[in-house]
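Since the structure comes first, as structure tokens, the remarks are kept for the end.
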2 protein chains.
Amino acid sequence: MPDPRPSATVETICERIWLAIAERRLRPGARLKEEQLAEIFEVSRARIRQAFAMLERDGLILLVPNRGACVAEPTIDEARDVFFARRAIEGRVVERLCARIDAPGIARLRAHVEAERAAHAARDRSAIVRLSGAFHLLIAELSGAGYLQQVLRDLISRTSLITAVYQPQMVANCGPDEHADLVEAIAAGHTARAVALMAAHLDHVERDIDLQGAADPPRDLREALL
Amino acid sequence: MPDPRPSATVETICERIWLAIAERRLRPGARLKEEQLAEIFEVSRARIRQAFAMLERDGLILLVPNRGACVAEPTIDEARDVFFARRAIEGRVVERLCARIDAPGIARLRAHVEAERAAHAARDRSAIVRLSGAFHLLIAELSGAGYLQQVLRDLISRTSLITAVYQPQMVANCGPDEHADLVEAIAAGHTARAVALMAAHLDHVERDIDLQGAADPPRDLREALL
DNA sequence: GATGCCACGATTGTCGACAGGAATGTCGTC
DNA sequence: GACGACATTCCTGTCGACAATCGTGGCATC
């Protein structure tokens, strides 16, 4: 009899791999063999290859010709790059959002923060990571900046990988309080304060990265020996 | 005897299609059949499919499941989105560049402007489009904002398509003068002036789009008949 | 004993063919 | 004569297999 289950879509495969990386089940540098994954997901190699192309685009994996794929190992410099981009983009996005926020938008933001609080209370790490990223995406969506929303989706994926690499024990101070303050500033129409809060929030996250990263042993052999 | 020429790479195919769109040899909405292109480039459909994935990522073509690919037709709103993103990103990039510009960087910028002048003098439309985009990419490269450089590469591709759609007769005022002024402001270390010039430059380009766009007939059938 | 070369195994890149789905043209019926 | 259902045809989506390439281990040589 034929398999009643439909075969996994490319999106599903990407999601699963992304989750595995975010939850540190897949360590940076780990090799990803096409045939192996094809067997795991019960699909052909062609579909795995499509998923690889998307994951490489998001900076989650590194694709070397004739060498295959491995989980990316972002350097400190690349991490700084990501946060520079996020400050540049999200600053303008918040600014724009303050100029066009409406009641339904405020309600959605507050509901999201509540969901984040619930995830924190339940110690659901997977949900915390997902919701924290989704909060920033929601701000971009409500701001009406369609293209920057796509870019931000990319940046948030990379941020997840960076925190996975450089924050081994998931520091607890990344709570939803800063998000809540930001929402209230937006709701009150305090543009300058909202922009400043967003900048401070991103600086805060980046600072945690730097502290951990400095203590982390170098993963690249060349960097370890030079 | 075997064909001595190596088969076209994915990059080559993307480049050729991009050029065809930028030079208006491929009109927005034109369908792109896989097999047809496979025959033209003398490669298999798989490689065309890879190229399609890249071109869709850059927003140059639209990929509809089970329907195939066609040259994208950016709406006015999407065009505004692109310029909003460019203002947000390039403003910060110029700011950063002013803080770390050095003599070799200034030399490269001036040399590039000279190349643009030469292309204008030679009325080489293809080179003009290419160099104009490359100028903005060069600024991003020199600023050291690696990630935003990638994003900007994307945005410049989309801008090329937008100008191809909404500027049928290639307005001539998009000359290299504004680029030259910008370079000199950067060289002089006038950060605020450089940022203002970049913003004005992008506003200028966007305004030309809007004027032309309003005069353009609607391309969507529903919008044409409503 | 160390080093350079060669062959083997493994993995990726590519291709051709088959199957599935959507749009179009045609026929039968009201 | 017009509408709806069906068959056809084209195109895309997917798969399995073959060919090219790279890393690795063994072997001969210095």
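Heavy atoms only: backbone and side chains are in, while hydrogens, waters and symmetry mates are out.
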Salt bridge check, A:Arg108 against A:Glu141: does any charged N sit closer than 4.0 Å to a carboxylate O? yes
Atom CD of A:Gln50 and atom C1' of C:dT14 are separated, to the nearest Å, by 15 Å
- Which part of the nucleic acid, if any, lies within reach of A:Arg47 when heavy atoms closer than 4.0 Å are counted: base, sugar-phosphate only, or nothing? sugar-phosphate
Please tell me whether B:Tyr147 and A:Asp154 have a donor and an acceptor in their side chains that are separated by less than 3.5 angstrom. yes
TODO: Taking only the side-chain nitrogens and oxygens of A:Arg49, find out if one of them lies under 4.0 Å from OP1 or OP2 of C:dG13.
DONE: yes
- request: Examine the side chains of B:His201 and B:His179 and answer whether a donor and an acceptor come within less than 3.5 Å of each other.
  value: yes
Here the distance between atom C1' of C:dT12 and atom CG of A:Leu63, to the nearest Å, is 10 Å
Within residues 29-39 of chain B, those residues having any heavy atom closer than 4.0 Å to DNA chain D are B:Arg31, B:Leu32, B:Lys33, B:Glu34
Check: Just checking, any donor-acceptor pair under 3.5 angstrom between side chains of A:Arg86 and A:Thr159?
Finding: yes
- Are the charged groups of A:Arg49 and A:Glu34 less than 4.0 angstrom apart, N to O? yes
When rounded to whole Å, the CD1 to C1' distance for the pair B:Ile48 and C:dG16 reads 15 Å
Comparing A:Val43 with A:Arg67, nearest DNA chain D nucleotide closer to 5' gives the residue A:Val43
Per atom distances to the B:Asn66 side chain, the nearest of D:dT14, C:dT14, C:dG21 is C:dG21
Out of D:dC15, C:dA17, C:dT12, minimum distance to the side chain of A:Arg45 belongs to C:dT12
Does either side chain, that of B:Ser157 or that of B:Ser160, offer a donor lying less than 3.5 Å from an acceptor on the other one? no
